[in-house]
Colleague: 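Here it is, the structure in full.
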Amino acid sequence: MTEWEPGQQVLVTGLSGARHLNSLPAKVLAFDEEKGRYAVHFSSDGQKRLLKGENLSALAPADEAALRAVFSSEPATPKLQRLLADGELGFAEYDDEHLRRLVRRLLEAGYWADNVEVMDDIGVCLNLAEHPSGPEAIALIRQLEAAEDLNAAIMRVGAAVHADAGLKEVFDQLRARGHEFDF
């Protein structure tokens, strides 16, 4: 088993009880001898958690050959390249399962390892899209984007969000990340 040093940047993987933390970067704080787990800090939400060492992997810039292999094997590569070039990779774009798989593979390969803030944002959006209410939240955002009468659409979407705890959770997390919704 790898021993992680305090201050080391890691990527969280393989959690089943807290899947929303997978693919997020964290900083190792210390090893808790009593619990046999590492204390890590998530900059995405400021939380500290205790995780098994087996759920941490080194966060290092990706190897060029590994990146070429990922990009060449994924059908969503052109879409991702376009979204990144246009600065349009946001939560609502993750309705594409191929894009989600590509982005997760790139996170795990360290594609954005030199910018933990970007990794945080991408990882949180990716995990929210995979939340049980994520697909419905994306559909509601698409309704807002396509609305001819934005005020009426905001009222409809707001009512749907307030009536569903899962949607409320997703939209609350999006708000916490700086997205503005007037409902």
Side-chain angles (χ1 to χ4, degrees), residues 9 11-13 15-27 40-49 59 70-71 74-183:
Q9 291 287 339
L11 189 71
V12 176
T13 61
L15 296 176
S16 56
R19 291 181 192 269
H20 64 284
L21 300 176
N22 287 329
S23 299
L24 292 181
K27 183 186 287 186
V40 299
H41 175 262
F42 290 90
S43 60
S44 60
D45 64 4
Q47 296 293 311
K48 295 176 186 160
R49 296 203 168 70
L59 184 58
V70 170
F71 281 122
E74 291 289 346
T77 294
K79 180 178 184 176
L80 177 62
Q81 290 171 331
R82 180 180 42 77
L83 291 168
L84 291 173
D86 295 343
E88 294 292 326
L89 182 61
F91 170 70
E93 302 306 324
Y94 290 103
D95 59 344
D96 178 339
E97 70 179 88
H98 298 289
L99 181 65
R100 289 194 310 269
R101 184 181 61 229
L102 170 57
V103 168
R104 187 165 308 283
R105 287 184 67 197
L106 290 171
L107 283 168
E108 292 169 357
Y111 184 67
W112 292 282
D114 59 342
N115 192 332
V116 174
E117 186 176 307
V118 169
M119 283 190 78
D120 273 342
D121 191 51
I122 290 172
V124 168
C125 285
L126 179 62
N127 289 335
L128 282 175
E130 292 177 344
H131 180 283
S133 295
E136 187 176 354
I138 291 171
L140 291 172
I141 290 170
R142 294 284 189 220
Q143 287 178 23
L144 290 172
E145 292 172 343
E148 289 186 27
D149 183 350
L150 187 56
N151 288 331
I154 288 172
M155 297 298 286
R156 270 192 323 277
V157 169
V161 169
H162 291 295
D164 183 286
L167 284 172
K168 185 168 178 358
E169 181 181 345
V170 170
F171 278 91
D172 284 348
Q173 288 186 43
L174 289 170
R175 277 191 202 99
R177 306 232 18 107
H179 298 274
E180 294 182 27
F181 299 102
D182 296 331
F183 47 82

Colleague: Using every non-hydrogen atom in the two residues, find where L144 and L150 come nearest and quote the distance to one decimal.
Modeller: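 Heavy atoms of L144 and L150 come nearest at O-CD1, 3.7 Å.
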
Colleague: Sorted by first residue and then second, give each salt bridge (charged side-chain N to carboxylate O under 4.0 Å, His left out) pair with at least one member in residues 111-132; sequence neighbours left out.
Modeller: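 Those involving residues 111-132 are R100-E130, R104-E130, D121-R177.
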
Colleague: Can you tell if the side chain of K27 reaches within under 4.5 Å of the side chain of V40, non-hydrogen atoms only?
Modeller: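 No - every pair of side-chain heavy atoms lies 4.5 Å or more apart.
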
Colleague: How long is the straight-line distance from OH of Y94 back to CG of L99, given to the nearest 0.5 Å?
Modeller: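 It is 6.5 Å, given to the nearest 0.5 Å.
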
Colleague: Which atoms form the tightest heavy-atom contact between L140 and A160, and what is the distance?
Modeller: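 Smallest heavy-atom distance, with atoms named: CD1-CB, 4.3 Å.
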
Colleague: Taking all atoms of both residues into account, what is the closest heavy-atom pair of L107 and L11, and its distance?
Modeller: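 That would be O-CD2, 3.5 Å.
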
Colleague: In chain order, what residues pass the side-chain hydrogen bond (donor to acceptor under 3.5 Å, both in side chains) check against R175, with sequence neighbours excluded?
Modeller: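 Listed in chain order: D172.
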
Colleague: Measure the acute angle between the ring planes of F181 and F183, then classify it against the limits of 30° and 60° as parallel, tilted or perpendicular.
Modeller: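 The rings of F181 and F183 sit tilted, inter-plane angle from 30° to 60°.
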
Colleague: So, does N127 use its side chain to make a donor-acceptor pair with the main chain of S23 at under 3.5 Å?
Modeller: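 Absent.
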
Colleague: Mind checking whether P75 and R101 have side chains closer than 4.5 Å, heavy atoms only?
Modeller: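 Result yes, sub-4.5 Å side-chain heavy-atom pair found.
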
Colleague: How long is the straight-line distance from CG of L102 back to CG of L126, given to the nearest 0.5 Å?
Modeller: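 L126 atom CG to L102 atom CG measures 10.5 Å (nearest 0.5 Å).
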
Colleague: Once you round to the nearest 0.5 Å, how far does CG of L84 lie from CD1 of I122?
Modeller: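 Rounded to the nearest 0.5 Å, the CG-CD1 separation comes to 6.5 Å.
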
Colleague: State, yes or no, whether a side-chain contact exists between F71 and L106 at a heavy-atom distance under 4.5 Å.
Modeller: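 In short, these two side chains touch, coming nearer than 4.5 Å.
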
Colleague: Report the distance from atom CH2 of W112 to atom CG of N115, rounding to the nearest 0.5 Å.
Modeller: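 The distance works out to 11.0 Å.
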
Colleague: Where the side chain of D86 meets the backbone of E88, is there a donor-acceptor pair that is under 3.5 Å apart?
Modeller: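 No: the side chain of D86 does not pair with the backbone of E88.
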
Colleague: Does any part of the side chain of D95, heavy atoms only, come nearer than 4.5 Å to the side chain of R142, both counted from C-beta?
Modeller: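 Sidechains of D95 and R142: in contact.
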
Colleague: Can you name the nearest heavy-atom pair linking A92 to I141, along with the distance?
Modeller: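 Minimum heavy-atom separation between A92 and I141: CB-CG2, 3.9 Å.
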
Colleague: Under a 4.0 Å threshold between the charged nitrogen and the carboxylate oxygen, would E74 count as salt-bridged to K79?
Modeller: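 Here K79 does not pair with E74 in a salt bridge, since their nearest N and O are not under 4.0 Å apart.
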
Colleague: Test M119 against L24 for side-chain contact (heavy atoms from CB on, under 4.5 Å), laying out the working first.
Modeller: CA-CA 7 Å; M119 283 190 78; L24 292 181; over 6 Å; no

Colleague: What are the two closest non-hydrogen atoms of F171 and A137, and how far apart are they?
Modeller: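 That would be CE1-CB, 3.7 Å.
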
Colleague: If you round to the nearest 0.5 Å, how far is NE2 of H179 from CZ of F91?
Modeller: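 Answer for the CZ-NE2 pair, F91 versus H179, is 8.5 Å.
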
Colleague: Hey, does S43 have a side-chain heavy atom less than 4.5 Å from the side chain of V116?
Modeller: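 A side-chain contact exists here, since the closest heavy-atom pair is under 4.5 Å.
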
Colleague: What heavy-atom pair brings V12 and L15 nearest, and what distance separates the two atoms?
Modeller: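 In this case the closest contact between V12 and L15 is CG1-CD1, 3.4 Å.
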
Colleague: How long is the straight-line distance from NZ of K48 back to NE2 of H41, given to the nearest 0.5 Å?
Modeller: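 So the gap between those two atoms works out to 6.0 Å.
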
